[in-house]
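Residue numbers begin at 1 in each chain, while the letters A, B, ... track the order of the sequences. Quick caveat: nothing in here was measured; it's all calculated off a predicted structure.
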2 protein chains.
Amino acid sequence: MRSNAELAYTKLREMAVNYELPPGSRVNEVWLSQRLGMSRVPIREALNRLVSEGLVRSSAGIGFIGRHVEAPEVCELYDIRADLEAGALHRAAVAGADTGGLAALEATTKRILKAPGRYAIRELIAEDEAFHMALANLAPNPEREVILRNVNARVRFVRRMNLETAVRRRQAFEEHHAILQALLKNDWTSAVNLLRSHLAVSAEKALGLTRAAQAVLASRSDA
Amino acid sequence: MRSNAELAYTKLREMAVNYELPPGSRVNEVWLSQRLGMSRVPIREALNRLVSEGLVRSSAGIGFIGRHVEAPEVCELYDIRADLEAGALHRAAVAGADTGGLAALEATTKRILKAPGRYAIRELIAEDEAFHMALANLAPNPEREVILRNVNARVRFVRRMNLETAVRRRQAFEEHHAILQALLKNDWTSAVNLLRSHLAVSAEKALGLTRAAQAVLASRSDA
DNA sequence: TGTATGCATACTGTATACAGTTCAACTGTA
DNA sequence: TACAGTTGAACTGTATACAGTATGCATACA
């Protein structure tokens with residue numbers, strides 16, 4: 001039986017990732033407490049964890065504050081992501097990691113490329129993140145995985161906007177395919193270079209979407 | 001006036017960094033509450049934040065547990081550190097960052113190299129961390145800085161053991177000096193390579209010290 | 001009409017209480 | 001002597017209460 005604090009953490013983390021905690025404003029603890037059917041204490045415990053994860057802000061005397069889409073933050077997180085993912089792939093190359101396990105990933109990528117338009121955005125996001133995590137985990141490092149999962153969560157909103165058009169979907173998964181082709185040929189140098197380029201394009205697109213993301217959130221709070 | 005939760009966070013974080021919370025055992029909340037002169041609530045709020053920062057463990061029904069020195073974790077954190085720091089320096093190179101501000105760092109490094117034995121270990125640790133952070137911040141990225149500060153805190157204990165001998169001190173700061181020399185000549189390629197080598201050596205030394213660190217902690221708990 | 005002030009309400013931070021759980025110490029038995 | 005079961009103290013998770021603070025709103029004044 002999970003504790004109330006754990007339940008609160010799961011729910012509030014999901015809300016924070018999706019910008020459902022009021023961006024730039026105080027998070028109303030009493031309202032959340034009624035909404036989640038528990039006292040404020042486990043909610044505050046969960047919010048404290050989310051503060052350390054960069055998913056909620058806090059301010060003395062004010063309490064907890066919903067995070068906002070910030071272009072500099074998106075940029076910084078994509079840079080971190082690029083350095084950790086490319087670094088991991090380079091480490092896998094140096095270690096001569098077995099790439100056989102990527103065949104399943106290649107099959108999935110091909111299946112998506114056949115008809116990118118018929119996939120739910122949330123499935124594509126999941127596949128996108130799984131692809132990148134699988135590559136990084138060719139050089140296993142649980143601590144790096146924790147950081148990447150956090151970075152993924154924090155940029156998921158703009159990343160998903162980046163995959164809303166068929167054009168961008170096709171481009172992204174074709175780039176995945178090219179990376180996988182290189183890896184399956186054990187052409188590590190090409191794979192690392194292709195990954196870096198892919199991440200640079202993704203960062204540029206995501207950054208370009210921060211204004212649109214902010215507009216979406218603004219219209220939500222007007223409603 | 002800082003809140004009790006903030007005071008608790010500062011104090012408990014310091015204790016966690018120094019392995020003063022019982023490694024592998026339950027953290028006694030009542031004892032801490034008496035010790036810090038406040039109720040358990042702000043202490044639990046602080047401990048929750050430290051859980052998300054990897055400085056404390058938690059287990060359902062058991063509560064909070066002090067972290068241990070783990071060789072795999074040290075290794076993983078050093079890999080992350082290497083990828084982020086080298087990545088940052090590479091970004092600074094690409095951006096043609098101004099290295100003029102490093103002259104002060106070079107002066108400090110030279111001063112330490114004159115008589116490494118006369119410095120308190122805590123000063124050397126601070127200078128070591130400041131050196132690396134200054135290099136990383138040649139390509140400013142506040143989110144990366146947060147991660148690096150956390151990684152530094154988590155490996156500080158073994159890192160400090162690595163600087164307890166004059167031999168290792170001299171070696172480390174000579175490597176700093178070489179990196180700075182390359183940077184002041186705008187030889188970015190050499191600087192990145194020297195930094196990578198330096199970090200690899202540091203990782204190896206730190207990893208070699210995990211057993212000794214574990215022994216130190218074991219003898220503490222026997223006392 | 002705009003701004004300042006006062007007040008009431010809502011909210012935060014945290015102390016305390018309590019039900020349920022964990023664990024160390026003890027006892028009985030093989 | 002070792003081990004399983006029991007017991008009770010200590011501990012955790014969290015609900016509730018409350019003092020202090022933030023904020024929104026109403027009123028007064030320039």
Side-chain angles (χ1 to χ4, degrees), chain A residues 1-16 20-68 218 221-223, chain B residues 1-16 19-68 218 220-223:
Chain A
M1 178 48 173
R2 298 175 71 202
S3 67
N4 274 353
E6 279 191 53
L7 293 169
Y9 172 77
T10 301
K11 182 61 186 173
L12 292 171
R13 184 175 191 275
E14 185 187 335
M15 290 174 74
E20 290 166 26
L21 299 177
S25 300
R26 227 186 201 173
V27 169
N28 190 313
E29 296 171 25
V30 174
W31 181 78
L32 282 175
S33 148
Q34 288 166 347
R35 177 71 179 274
L36 302 190
M38 60 183 73
S39 85
R40 284 172 49 226
V41 176
I43 287 176
R44 287 181 59 86
E45 296 210 347
L47 288 169
N48 271 296
R49 292 190 190 208
L50 295 174
V51 165
S52 286
E53 293 174 20
L55 284 160
V56 163
R57 306 255 186 270
S58 80
S59 178
I62 310 296
F64 300 100
I65 299 164
R67 73 189 180 117
H68 231 304
S221 65
D222 289 342
Chain B
M1 179 49 173
R2 299 175 71 203
S3 65
N4 275 352
E6 279 190 54
L7 292 170
Y9 172 78
T10 300
K11 182 62 187 173
L12 293 171
R13 183 174 192 275
E14 185 187 334
M15 290 175 75
Y19 294 95
E20 290 168 27
L21 299 176
S25 300
R26 228 185 199 174
V27 169
N28 190 312
E29 295 172 25
V30 175
W31 180 79
L32 281 176
S33 146
Q34 289 166 348
R35 176 72 177 276
L36 302 191
M38 60 182 77
S39 83
R40 285 170 50 224
V41 176
I43 288 177
R44 286 181 60 85
E45 295 211 348
L47 288 169
N48 271 296
R49 291 191 191 208
L50 295 174
V51 165
S52 285
E53 293 173 22
L55 282 161
V56 163
R57 306 262 185 265
S58 81
S59 177
I62 309 295
F64 300 99
I65 298 164
R67 75 190 179 116
H68 231 303
R220 267 198 206 162
S221 66
D222 289 341

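- For A:Arg67, there are no salt bridge (charged side-chain N to carboxylate O under 4.0 Å, His left out) partners two or more places apart in sequence or in a different chain.
- For the helix from C:dT1-D:dA30 to C:dA30-D:dT1, the terminal axes (five pairs an end, C1' atoms, rotation from four pairs onto the next four) enclose an angle of 20°, given to 10 degrees.
- Of all heavy-atom pairs between B:Gly24 and B:Ile65, the closest is C-CG2, 3.5 Å.
- In terms of heavy atoms, A:Val27 sits closest to A:Gly66 at CG2-N, 3.8 Å.
- In this structure, the side chains of A:Val51 and A:Leu47 stay at 4.5 Å or more apart for every pair of heavy atoms.
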Could I get a table of every N or O pair under 3.5 Å where one atom is in the protein and the other is in nucleotides 7-13 of chain C?
from, atom 1, to, atom 2, distance (Å)
C:dC11, OP1, A:Asn28, ND2, 2.4
C:dT12, OP1, A:Val27, O, 3.0
C:dG13, OP1, A:Gly61, N, 3.4
C:dG13, OP2, A:Arg44, NH1, 2.7
C:dG13, OP2, A:Arg44, NH2, 3.1
C:dG13, N7, A:Arg40, NH2, 2.7
C:dG13, O6, A:Arg40, NH1, 3.0

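- Pairs engaging residues 33-42 of chain B under the side-chain hydrogen bond (donor to acceptor under 3.5 Å, both in side chains) rule: B:Glu29-B:Arg40 [sequence neighbours left out].
- In this structure, B:Leu47 atom CG and D:dC11 atom P are separated by 15 Å, rounded to whole Å.
- In this structure, B:Arg2 atom CZ and C:dT14 atom C1' are separated by 17 Å, rounded to whole Å.
- Counting to the nearest Å, the P atom of D:dC11 and the CD1 atom of B:Ile43 are 13 Å from each other.
- Computed from coordinates, the A:Glu6 CD to D:dT14 C1' distance equals 14 Å when rounded to whole Å.
- Applying the side-chain hydrogen bond (donor to acceptor under 3.5 Å, both in side chains) definition to pairs two or more places apart or across chains, those involving residues 56-65 of chain B are B:Arg57-B:Glu73.
- In terms of modelled atom types and a separation under 3.5 Å, the side chain of B:Arg44 and the main chain of A:Val41 share no donor-acceptor contact.
- Contacts of B:Glu53 classified as salt bridge (charged side-chain N to carboxylate O under 4.0 Å, His left out), with partners at least two apart in sequence or in another chain: B:Arg13.
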